[in-house]
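Here, residue 1 is the first one in the sequence, and each next residue gets the next number.
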Amino acid sequence: MDRSSLFQLIQEQLDPEQTGFIAVENFTSLAEHHELQLDPSKLEMLLALVQSNEDGHVCYQELIELLNSKRSSSFRRAIANGRRTLQREILLDETGLGVYKRFVRYVAYEILPCETDRRWYFHQNRICPPPVFMAIITIVQIIVFMCYGVMLNKWVLQTYQPDFMKSPLVYHPGHRAQIWRFFSYMFMHVGLEQLGFNALLQLMIGVPLEMVHGILRISLLYMAGVVAGSLTVSITDMRAPVVGGSGGVYALCSAHLANVVMNWAGMKCPYKLLRMILALVCMSSEVGRAVWLRFSPPLPSSGPQPSFMAHLSGAVVGISMGLLILRSYEESLHKQCSWWVLIFSFITFLLFAIFWNIFAYELLGVQIPPPP
């Protein structure tokens with residue numbers, strides 16, 4: 001039975017008068033006595049949705065959205081209120097899985113805090129489209145770094161080379177009229193240590209997040225962290241340049257760590273406390289290293305070294321916007337009031353930063369180092 005036939009069957013037998021509502025008993029009987037060609041996880045969730053309804057009926061549109069892999073807020077509330085029971089074994093007990101499916105199960109337990117969400121993701125996951133965004137960003141960053149490393153014959157502290165700062169990709173306050181630099185700086189890195197740290201986190205955290213939450217949401221979160229990073233530097237550290245993808249990386253990592261903390265009991269990833277401590281130590285060390293390079297440069301330089309404020313602003317984006325994205329797995333963001341509050345706040349910040357960059361430098365008399 002194809003999907004259109006299934007929709008027609010549901011409407012004809014369960015809602016012939018087209019009232020928009022279906023009696024719970026009728027749908028339950030249909031699901032139990034007809035061979036609906038749905039995967040077991042989705043069928044179970046459909047039954048859970050209708051059985052949890054206290055009004056004795058369920059909205060026809062909710063069923064259609066769920067059949068189209070869109071879970072409504074009422075279904076989420078039904079799960080949260082504990083009015084459903086998992087009848088099947090947990091996902092870890094699945095046997096006979098191939099290599100890819102075992103990896104998908106691993107990702108589900110790494111990212112999602114609820115067994116229902118994990119089973120839903122496991123059964124819904126498809127190879128296409130693959131998680132290409134974080135992979136492409138990382139590959140481009142490595143290629144750019146290799147090119148400048150060969151050209152400068154220097155693999156650490158590249159920012160001390162004047163030719164490095166002449167790159168059209170680096171954000172420099174003297175070139176802030178070139179708008180692309182507020183984005184393109186993420187492809188440049190201080191040295192091998194910063195690139196290695198960022199690339200590792202992008203692949204270990206960014207790729208699983210993209211597999212679960214999709215390319216649109218994760219790319220939006222990453223790019224929001226990148227833009228917020230350069231704009232924050234232009235406001236708080238007005239003489240400093242910026243390089244590295246740390247704004248986007250810290251947005252992803254902070255969102256994921258905050259989601260783990262807020263759903264601590266539900267997260268089933270192994271050694272989560274040890275891994276949490278290790279991640280915080282590594283992220284704090286990276287920020288400390290950036291602060292040291294900014295204020296106590298180990299080598300003579302012709303101007304200020306890259307700012308560390310992009311790390312902090314990326315973390316703020318992750319804890320606010322990112323946490324909401326990760327907590328809204330398979331739910332529509334545009335239907336949530338808190339999402340629009342965050343969007344309004346981010347747009348307000350963007351407008352303020354634009355006006356600041358246009359007027360504040362001259363009004364405050366900031367002495368910008370000459371651009372290379």
Apply the test salt bridge (Lys or Arg N to Asp or Glu O under 4.0 Å) to residues Arg275 and Glu110: give CA-CA distance (whole Å), side-chain angles for both, the deciding distance (0.1 Å), then the verdict. CA-CA 11 Å; Arg275 294 165 63 181; Glu110 285 290 312; 2.4 Å; yes
Crowded around Met204 CE? As in, over 12 foreign heavy atoms under 6.0 Å? no
How long is the gap from CG on Asp163 to NZ on Lys154, to the nearest 0.5 Å? 12.5 Å
Between Trp340 and Phe344, is the gap from one ring center to the other below 6.0 Å?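 Between Trp340 and Phe344, the centre distance exceeds or equals 6.0 Å.
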Results of side chain to side chain donor-acceptor pair (under 3.5 Å) for His189 - residues two or more places apart only: Asn198
Test side chain to side chain donor-acceptor pair (under 3.5 Å) applied to Tyr100 - qualifying residues, sequence neighbours left out: Asn125
Can you sort out the partners of [X] under ring-ring contact (aromatic ring centres under 6.0 Å, His included), two or more places apart, ordered by chain and number?
X: Trp292; result: none
X: Phe182; result: Tyr171
X: Phe183; result: none

Let me know which of Met211, His213, Arg118 forms a side chain to side chain contact (heavy atoms under 4.5 Å, CB included) with Ile111.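 Passing option: His213.
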Report the hydrophobic cluster partners of Phe145, with the cluster defined as I, L, V, M, F, W, Y residues connected by side-chain heavy atoms closer than 4.5 angstrom, directly or transitively.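 For the cluster that includes Phe145, the remaining residues are Ile142, Met146, Val150, Trp155, Leu192, Leu195.
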Polar side chain donor-acceptor pair, Tyr185 to Ser230, under 3.5 angstrom: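 No - no donor-acceptor pair under 3.5 Å links their side chains.
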Can a side-chain donor-acceptor contact be found between Tyr222 and Gln202 if the only test is distance below 3.5 angstrom? yes
Does the plane of the ring in Tyr121 sit parallel, tilted or perpendicular to the ring in Tyr329? Use 30° and 60° as the thresholds. perpendicular
Backbone N/O of His334 and side chain of Ser332: donor-acceptor pair under 3.5 Å: no
